[in-house]
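Below is one structure; the comments refer to it alone.
Sequence lines set the chain letters: A, B, ... in the order given, protein chains first and strands last, and positions in each chain run from 1. All values below were derived from every heavy atom in this structure, side-chain atoms included, with hydrogens, water molecules and symmetry-related copies excluded.
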Number of protein chains: 2
Amino acid sequence: MPQRTKRRPLTLRDVSEASGVSEMTVSRVLRNRGDVSAATREKVLTAAKTLGYVPNKIAGGLASQHVNLVAVVIPSLANLVFPDVLSGISAELDDTPLQPVIGVTNYSLSREESVLYDMLSWRPSGVILAGLEHNRSSRAMLEAASVPVVEIMDIDGDVIDTAVGISHLEAGRQMAAEILGAGYRRIGFIGTHMPEDHRAKKRLAGLEEALQHAGVPLVAREFYQGGSSLAKGRELTERILAREPDLDFLYYSNDMIGAGGLLWCREQGFDIPGKLGLAGFNGVDLLEGLPMRLATTDARRVDIGRRAARIVAGKEPRPEQGKLSLAPHFMPGDTIRK
Amino acid sequence: MPQRTKRRPLTLRDVSEASGVSEMTVSRVLRNRGDVSAATREKVLTAAKTLGYVPNKIAGGLASQHVNLVAVVIPSLANLVFPDVLSGISAELDDTPLQPVIGVTNYSLSREESVLYDMLSWRPSGVILAGLEHNRSSRAMLEAASVPVVEIMDIDGDVIDTAVGISHLEAGRQMAAEILGAGYRRIGFIGTHMPEDHRAKKRLAGLEEALQHAGVPLVAREFYQGGSSLAKGRELTERILAREPDLDFLYYSNDMIGAGGLLWCREQGFDIPGKLGLAGFNGVDLLEGLPMRLATTDARRVDIGRRAARIVAGKEPRPEQGKLSLAPHFMPGDTIRK
DNA sequence: TTGAAAGCGCTAACAC
DNA sequence: GTGTTAGCGCTTTCAA
């Protein structure tokens, strides 16, 4: 085994010495800035490659007073929706110098605060974060950061700088219209325990508002804690139907539990969508390939990621009033009567 | 709208002036280093909070010559397995000063190289990256970085510094033993097109080796490109059974396509596990809640994340030979005969 | 087209 | 327990 002395990390100076070109010019070459003759350029590039030099962005960032990072703060990676948002962001950032850095809050506002603090201490060029609900310190930090801040997923509420998302209130209303239009009248809702999930809460509010407007009460609600899974969907569906056997429609707060409910109902021999209609929310890919396609609302996740990234990157202007509202898109699937 | 002058970002100096304490002592307080009297401490903290000061880690990192970041490089976030690995990493890093920074390669070695280059330019304290297959430049960079490098998921191959994972060869052999032990003899394999997926390739090799050893040939293979989904699983299952209708076992390279196959086979009325056995790989949560539990191998994702993080954090020593091998765990489910 | 000087905001090392 | 000094590795600015 070779005696592996702990190398001093390489610096610009090493490349400068190896190439016989000043540090400044080496720096120019490595960043493609300013005019450098082809010959010097070549020398520098060769030297850098030979040495295996990797520039130190810490020093660079300090000197230039800016850093090409975009802080992206989301509640969870386990939730199927966020990878989609991230892929939209990456796609749009790919042809810019900006790079996303992901932080995860686990749906906790205080964790969000500390994640933001850590990320802002790297002085990113922009921030993208999920939701409009943040604690006071987080809002203060974001305002003090004086970089673009884009809140995503939701537009129903107060915006710090810019919001890109759908109206979940509207999504709830839209679903109510579809449910009522299809003739269902005894409707139940299944969702996460509310304090944590502001967007589901807004959808429920939109649903109830529209139902009430039509004189149709929401018959039952069932809430759960923790992550979503097919198993949870089965369990909650069984429970709500045990309590209220004559329900004719179940609106789930996400596709995963909706799919679990769907599988369970089919096994029980329910007539879907004839006697019982079902709908979820998000429009995740997972639904393709289930025995029946669950009705759902496409929450425009990839688009949201893209547009947010475009705004942070300066590819498109900040929308008027700071809100960019995308339209939630109802997808009928096979689990709601035509 | 208030005239919002572009503020100069706050510095230590501002806190120093506001509190009447030297910059150095302010720095000490903010980092909990060295002895500072309770009184000064209080003054500093108050001043910092009032101003809304967020330390500049770029400057800090440059001065201290180190940065509490761990680069985590994975192929994809859409793949259900990586969020699990990441949660293991986070869990173990949570009580250390280290923070994970995620980079995504989209299963491309050249993209891996550029992601590594970018991450190493931040001079992280350690690197965790998926797989043992990297291009020459990537290996060179990692070796030159002189920080702990932990390759995860796989241990069948050459290690740069440390590897934490399971043997996929062994997982394939183990599955072969289970399949043969249950009496299946006409076995097919369904998986991703190989060049991209080294670990699936190793499982297939392990499977074939063990089958061959028992004098049982692998009857059919079906490969696909792109992401995994239930729909893809259905499609491939239909195709392989159209070609080879007398197969009595299907081994899938992951649970998602396995689950799709399972759903399809049930709809076709196949007798599972009687006439046809099925197994996937990974042991993802998704499987709970399907009509039948797919047989699978638990790939120890969370444990892998934890152990890798522990090694990077110095909580546990680098294993001998640089390889930490966890045992893949067969889970029979309901789709293989007892 | 190239180079020299100054300094980004913080912390290590040492003095008091 | 607190302060002073020097300097981390780059880029900005300006001069040549």
Side-chain angles (χ1 to χ4, degrees), chain A residues 7-45 47-48 51-69 97 118 120-125 144-145, chain B residues 7-45 47-48 51-69 97 118 120-125 144-145:
Chain A
R7 283 166 303 274
R8 176 184 55 72
L10 294 168
T11 68
L12 260 192
R13 162 172 235 107
D14 296 305
V15 183
S16 167
E17 284 169 0
S19 61
V21 175
S22 77
E23 285 188 41
M24 194 53 239
T25 300
V26 172
S27 170
R28 285 193 184 100
V29 171
L30 264 22
R31 287 175 300 141
N32 289 310
R33 283 289 157 73
D35 293 315
V36 179
S37 73
T40 4
R41 203 184 144 66
E42 202 51 47
K43 271 193 289 188
V44 169
L45 256 17
L51 294 174
Y53 172 68
V54 177
N56 184 332
K57 285 202 181 153
I58 304 189
L62 183 61
S64 67
Q65 299 282 65
H66 84 246
V67 150
N68 291 321
L69 297 177
D118 284 333
L120 290 177
S121 75
W122 289 103
R123 302 291 187 263
S125 300
Chain B
R7 281 166 304 274
R8 176 183 55 73
L10 295 167
T11 68
L12 258 193
R13 164 172 232 107
D14 296 303
V15 184
S16 168
E17 285 170 358
S19 63
V21 174
S22 77
E23 286 187 40
M24 193 56 233
T25 301
V26 172
S27 170
R28 286 194 182 98
V29 171
L30 265 21
R31 286 177 298 141
N32 290 310
R33 282 289 158 70
D35 293 314
V36 180
S37 75
T40 354
R41 203 185 145 66
E42 201 52 45
K43 271 193 290 188
V44 169
L45 256 18
L51 294 175
Y53 173 68
V54 177
N56 183 332
K57 283 200 180 153
I58 305 191
L62 183 61
S64 67
Q65 299 283 62
H66 85 246
V67 151
N68 289 322
L69 297 177
D118 285 333
L120 291 177
S121 75
W122 290 103
R123 302 289 187 266
S125 300

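One finds no side-chain N or O of A/Q65 lying less than 4.0 angstrom from the OP1 or OP2 phosphate oxygen of D/dC10. Between A/S27 and D/dT11 there is a side-chain polar atom (N or O) within less than 4.0 angstrom of OP1 or OP2. Here A/R33 does not reach the OP1 or OP2 of C/dT1: none of its side-chain N or O atoms lies under 4.0 Å away. Between D/dT2 and B/T40, a contact under 4.0 Å exists linking OP1 or OP2 to a side-chain N or O. One finds a side-chain N or O of A/T25 lying less than 4.0 angstrom from the OP1 or OP2 phosphate oxygen of C/dG3. A close approach under 4.0 Å does not occur between any side-chain nitrogen or oxygen of A/Y53 and OP1 or OP2 of D/dG9. Considering only side-chain N and O atoms, B/S64 lies nowhere under 4.0 angstrom from the phosphate OP1 or OP2 of C/dT11.
Counting heavy atoms from C-beta on, the side chains of A/V44 and A/L30 come closer than 4.5 Å. Residues A/V54 and B/R123 meet the side-chain proximity criterion, which asks for heavy atoms closer than 4.5 Å. Taking the side chain as every heavy atom from C-beta outward, B/V26 and B/R13 never approach each other to under 4.5 Å.
Checking D/dT11, C/dT11, C/dG9 against every side-chain atom of A/R31, the shortest atom distance belongs to D/dT11. Taking only side-chain atoms of B/S37, from C-beta outward, the nucleotide of C/dT11, D/dG1, D/dC10 with the closest atom is D/dG1. Among the nucleotides C/dT11, D/dG9, C/dT2, the one closest to the side chain of A/V36 is C/dT2.
In the helix from C/dT1-D/dA16 to C/dC16-D/dG1, the terminal helix axes, each the rotation mapping four pairs' C1' atoms onto the next four within five end pairs, subtend 30°, rounded to 10°.
Heavy-atom nearest nucleotides on DNA chain C were determined for A/D35 and for B/L10, and the one closer to the 5' end corresponds to A/D35. When each of B/R123 and B/E23 is assigned the nucleotide of DNA chain D bearing its nearest heavy atom, the one mapping closer to the 5' terminus is B/E23.
In this structure, B/R28 reaches the bases: a heavy-atom distance under 4.0 Å links it to at least one base atom across the strands shown. A/N56 comes within contact range of the sugar-phosphate backbone alone, with a heavy-atom separation under 4.0 Å but no base atom that close.
In terms of the side chain to side chain donor-acceptor pair (under 3.5 Å) criterion, residue partners of B/T25 (sequence neighbours excluded) are, by chain and number, B/S22.
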